[in-house]
Amino acid sequence: MSQVTIESILQEKRLFPPSAEFSQSAHIKSLAEYQQICARAQADPQKFWAELAEQELHWFQKWTTVLDWQPPFAKWFEGGKINISYNCLDRHLATWRKNKAALIWEGEPGDSRTLTYAQLHREVCQMANVLKQLGVQKGDRVGIYLPMIPEAAIAMLACARIGAAHTVVFGGFSAEALRDRLVDGQAKLVITADGGWRKDTAVPLKAQVDKALADGSVPTVKDVLVVRRTAQQIQMEPGRDHWWHDLQQGVSANCPAEPMDSEDLLFILYTSGSTGKPKGVVHTTAGYNLYTHITTKWIFDLQDTDVYWCTADIGWITGHSYIVYGPLSNGATTLMYEGAPRPSNPGCMWDVIEKHGVNIFYTAPTAIRAFIKMGEHLPNARNLSSLRLLGTVGEPINPEAWMWYYRIIGGERCPIVDTWWQTETGGIMVTPLPGAIATKPGSATLPFPGIIADVVDLEGNNVPANEGGYLAVRHPWPGMMRTVFGDPDRFRRTYWEHIPPKDGQYTYFAGDGARRDEDGYFWVMGRVDDVINVAGHRLGTMEIESALVSHPAVAEAAVVGKPDDLKGEEIVAFVTLEGTFDPSEELNKELKKHVVQEIGAIARPGEIRFTEALPKTRSGKIMRRLLRSLASGQEVSGDTSTLEDRSVLDKLREGT
Ligand code: PRX
């Protein structure tokens with residue numbers, strides 16, 4: 001975040017209480033009601049979650065233990081049998097929702113499709129049966145590498161239905177990144193498409209899968225199921241590759257949901273950290289189902305007549321929790337959009353809202369800043385009066401963008417829920433409940449009921465109001481990640497050892513800086529580790545550095561974030577070259593391309609700076625703090641006495 005933004009956030013005093021009209025019909029109607037629920041949850045957390053689990057979900061068999069907490073390992077609802085695909089589909093079929101739109105899909109270029117609950121159920125059962133025919137069994141992992149098409153949701157629900165865990169890989173990741181994830185997750189099968197539409201062009205996906213699987217580099221993958229989307233030319237390998245539309249022919253639409261143990265693996269989703277390769281965040285069945293269900297219901301205040309649209313990609317946790325599982329578990333109508341604003345159609349988002357009468361719209365601050373730049377004449381030219389609630393996620397929102405969103409998109413009548421959470425938390429943790437909590441532009445406001453969030457120092461003490469500290473969570477919650485796939489030790493080290501246990505209570509370290517104001521409102525300031533947030537996408541600096549040094553010209557690389565008005569942060573890479581290579585514009589371009597190839601376009605450095613040496617401490621650690629200052633054009637301040645060679649800094653300064 002830019003300095004300007006932090007300043008403006010610190011001075012932000014505006015308060016926006018919900019309108020009486022909104023509160024009256026909301027699930028949670030007042031601050032007093034919110035406080036009562038929180039008090040109940042705090043007095044007896046297990047009773048609180050157990051009551052919700054009983055009321056809100058279908059169980060094949062009730063649990064025997066609500067919570068088994070062996071810090072940092074939690075088990076929720078042990079002894080219970082449940083299936084999230086059943087909760088998202090089957091249970092609605094017995095009600096009037098059977099013929100309600102479950103999924104509205106707006107595709108590119110101009111395609112569109114609506115699936116009722118009955119139709120979605122049918123397709124999910126068919127895909128589940130196809131997976132079974134191809135030998136996928138309960139406990140197996142399935143890779144999903146798809147564009148934003150209904151089959152992405154169908155594939156996830158089909159896996160969940162038969163007890164296979166999915167690992168969705170964002171379609172913008174490269175073949176290399178896909179391969180790493182399939183290898184780590186030991187996927188047995190991959191579901192992909194020939195291609196997907198991105199800003200007026202058809203991008204290849206199956207070709208990337210071929211590259212990822214080339215030369216048997218993912219030996220566990222036996223089959224590839226291919227959805228036809230763009231009808232582009234692709235290679236089909238006999239015996240391994242199968243068209244979905246071929247296998248769908250004649251397959252039964254009857255596939256009972258497998259009763260799963262509460263703690264059975266539901267999915268793995270890879271996310272960047274400050275060290276090593278992306279980690280496989282593990283989410284299990286019952287707790288995740290409950291947490292995404294109840295957060296969707298209360299935070300988005302879902303009503304049965306709503307059309308709800310979350311603009312995230314299915315490849316991220318937001319797509320998992322708040323396009324697919326949370327909304328469908330609630331029997332909602334969820335909208336999925338394949339497109340994005342582009343020069344040929346800059347107002348497309350507002351067209352979608354107008355066309356479908358969208359009531360709830362959930363997007364990222366980076367998108368809002370892009371909308372601002374494209375001009376308010378675009379939304380002003382559409383009828384957005386159907387909207388009644390807005391949301392944001394993924395990065396801190398600057399108050400200016402919040403106000404624009406409130407005025408121009410929300411017509412000053414829609415509450416905004418600024419939702420703080422992470423891949424690891426499974427669902428939203430700090431957020432307004434829109435009928436109950438007055439909002440302040442730039443603040444995620446208060447913890448969700450049952451969540452004991454705090455701002456602490458590194459000893460685990462609460463910091464006083466308005467002082468900066470680390471965002472932490474004190475008590476386990478049902479949606480929390482259970483472990484890092486295949487590496488429980490990394491789970492413990494990354495999240496539970498930064499802050500020492502206090503009075504026997506373990507504390508979850510989120511990696512974000514935050515402060516609480518005098519009203520207890522949270523103001524999230526951004527990452528405090530070597531993770532950068534580019535356009536709401538989370539990237540580990542080390543991953544990008546590893547990609548750079550895998551190029552023969554690069555000796556060393558250090559990557560930092562630089563504030564960017566549009567994307568929040570921009571990637572700047574400082575690079576030293578191997579002896580025989582000289583800096584050049586060409587090499588600069590080639591290195592950017594190399595990073596795209598290794599990780600994906602989201603990791604393309606905005607800037608590469610060649611340098612003779614990197615500033616290091618005497619023990620050889622790169623001083624990123626200095627590089628961050630240099631990258632953002634600020635004076636290098638603070639202690640530089642640990643710098644091994646001061647001339648390095650002077651040279652870097654001259655180069656800038
Ligand atoms: O830094 C925080 C930021 O996004 C990180 C989590 O990224 P990821 O796991 O990719 O999940 C993104 C979607 C949930 C957090 O550590 N972040 C997320 N939401 C907010 C936010 N920062 C400030 N305000 C938010 N509302």
Side-chain angles (χ1 to χ4, degrees), residues 1 5-6 9 12 168 170 172-173 268-274 278-283 291-292 295-296 299 310-323 325-326 362-369 390-399 401-402 405 416-432 439-448 453 455 470-473 479-481 484 494-495 498 508-516 521-540 543 561 567-569 602-603:
M1 253 199 319
T5 309
I6 289 173
I9 278 183
E12 185 55 59
V168 182
F170 171 56
F173 275 125
I268 308 169
L269 187 59
Y270 287 82
T271 191
S272 297
S274 48
K279 32 184 188 286
V281 170
V282 165
H283 283 290
Y291 198 66
T292 52
T295 49
T296 310
I299 297 163
C310 164
T311 67
D313 191 283
I314 240 123
W316 311 114
I317 190 71
T318 309
H320 284 54
S321 301
Y322 297 112
I323 295 178
Y325 289 119
Y362 187 35
T363 194
T366 196
I368 297 167
R369 291 191 293 266
L390 303 174
T392 76
V393 60
E395 45 180 327
I397 181 163
N398 43 315
W402 195 101
Y405 197 32
I416 297 179
V417 289
D418 173 355
T419 61
W420 176 85
W421 61 294
Q422 312 177 294
T423 307
E424 293 87 339
T425 67
I428 297 166
M429 301 290 278
V430 180
T431 176
T439 52
K440 301 182 187 183
S443 170
T445 75
L446 300 171
F448 190 78
V455 178
Y470 302 96
L471 186 40
V473 187
M480 67 194 280
M481 75 181 280
V484 171
T494 312
Y495 304 102
H498 288 275
Y508 171 82
F509 173 79
D512 279 312
R515 78 180 168 95
R516 276 182 111 165
Y521 277 40
F522 283 76
W523 298 80
V524 181
M525 297 301 180
R527 302 291 305 193
V528 292
D529 51 8
D530 291 326
V531 169
I532 45 186
N533 196 328
V534 183
H537 299 314
R538 174 173 160 182
L539 291 159
E543 260 175 281
K567 296 194 242 171
E569 280 186 290
I602 54 169

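Excluded from the calculations below are hydrogen atoms, water molecules and symmetry mates; all remaining heavy atoms, backbone and side chain alike, are included. Counting convention: from 1, in listed order, for ligands and their atoms alike.
- A 4.5 Å side-chain heavy-atom check between W316 and H537 finds at least one atom pair inside the cut-off.
- Ligand 1 has an N or O atom lying under 3.5 Å from an N or O atom of D512, backbone or side chain.
- Ring centers of Y508 and Y495: under 6.0 Å apart, within the cut-off.
- Interface of N533 with ligand 1, defined as ligand atoms under 4.0 Å from a residue heavy atom, comprises 3 (C), 4 (O).
- Scanning both residues, S321 and T296, for their nearest heavy atoms gives O-OG1, 4.2 Å.
- Heavy-atom proximity to V524, at under 4.0 Å, picks out these atoms of ligand 1: 22 (N), 23 (C).
- At under 3.5 Å, a nitrogen or oxygen of T419, whether backbone or side chain, sits near a nitrogen or oxygen of ligand 1.
- Protein heavy atom in closest approach to atom 8 (P) of ligand 1: T423 OG1, 3.5 Å.
- For the pair P278/E543, a side-chain contact is recorded, criterion being any heavy-atom separation below 4.5 Å from C-beta on.
- Remark: ligand 1 atoms within the under-4.0 Å shell around heavy atoms of V393 are 13 (C), 14 (C).
- Residues T271 and E424 have side chains in contact (heavy-atom distance under 4.5 Å, counting atoms from C-beta outward).
- Interatomic distance, D418 CG to Y405 OH, rounded to the nearest 0.5 Å: 10.0 Å.
- Within ligand 1, counting atoms from 1 as listed, the ones closer than 4.0 Å to a heavy atom of W421 are 6 (C), 14 (C), 15 (C), 18 (C), 19 (N).
- Below 4.0 Å from some heavy atom of P396 lie the following atoms of ligand 1, by number and element: 22 (N), 23 (C), 24 (N).
- Of the N or O atoms in R538, one or more lie within a sub-3.5 Å distance of an N or O in ligand 1.
- Here the CZ-CG distance, from R527 to L471, works out to 10.0 Å after rounding to the nearest 0.5 Å.
- Atoms of ligand 1 lying under 4.0 Å from at least one heavy atom of T318, given by number and element, are 13 (C), 14 (C).
- Of the options E395, E424, Q422, the smallest heavy-atom separation from atom 21 (C) of ligand 1 is shown by E395.
- Within the 4.5 Å cutoff, the side chain of H283 has heavy atoms near those of the V281 side chain.
- Annotation: atom 19 (N) of ligand 1 to nearest protein heavy atom, G394 N, 3.1 Å.
- Within the 4.0 Å heavy-atom cutoff, G526 does not count among the residues contacting ligand 1.
- Y291 contributes atom OH, which lies 8.0 Å from atom CD1 of I428 (distance to the nearest 0.5 angstrom).
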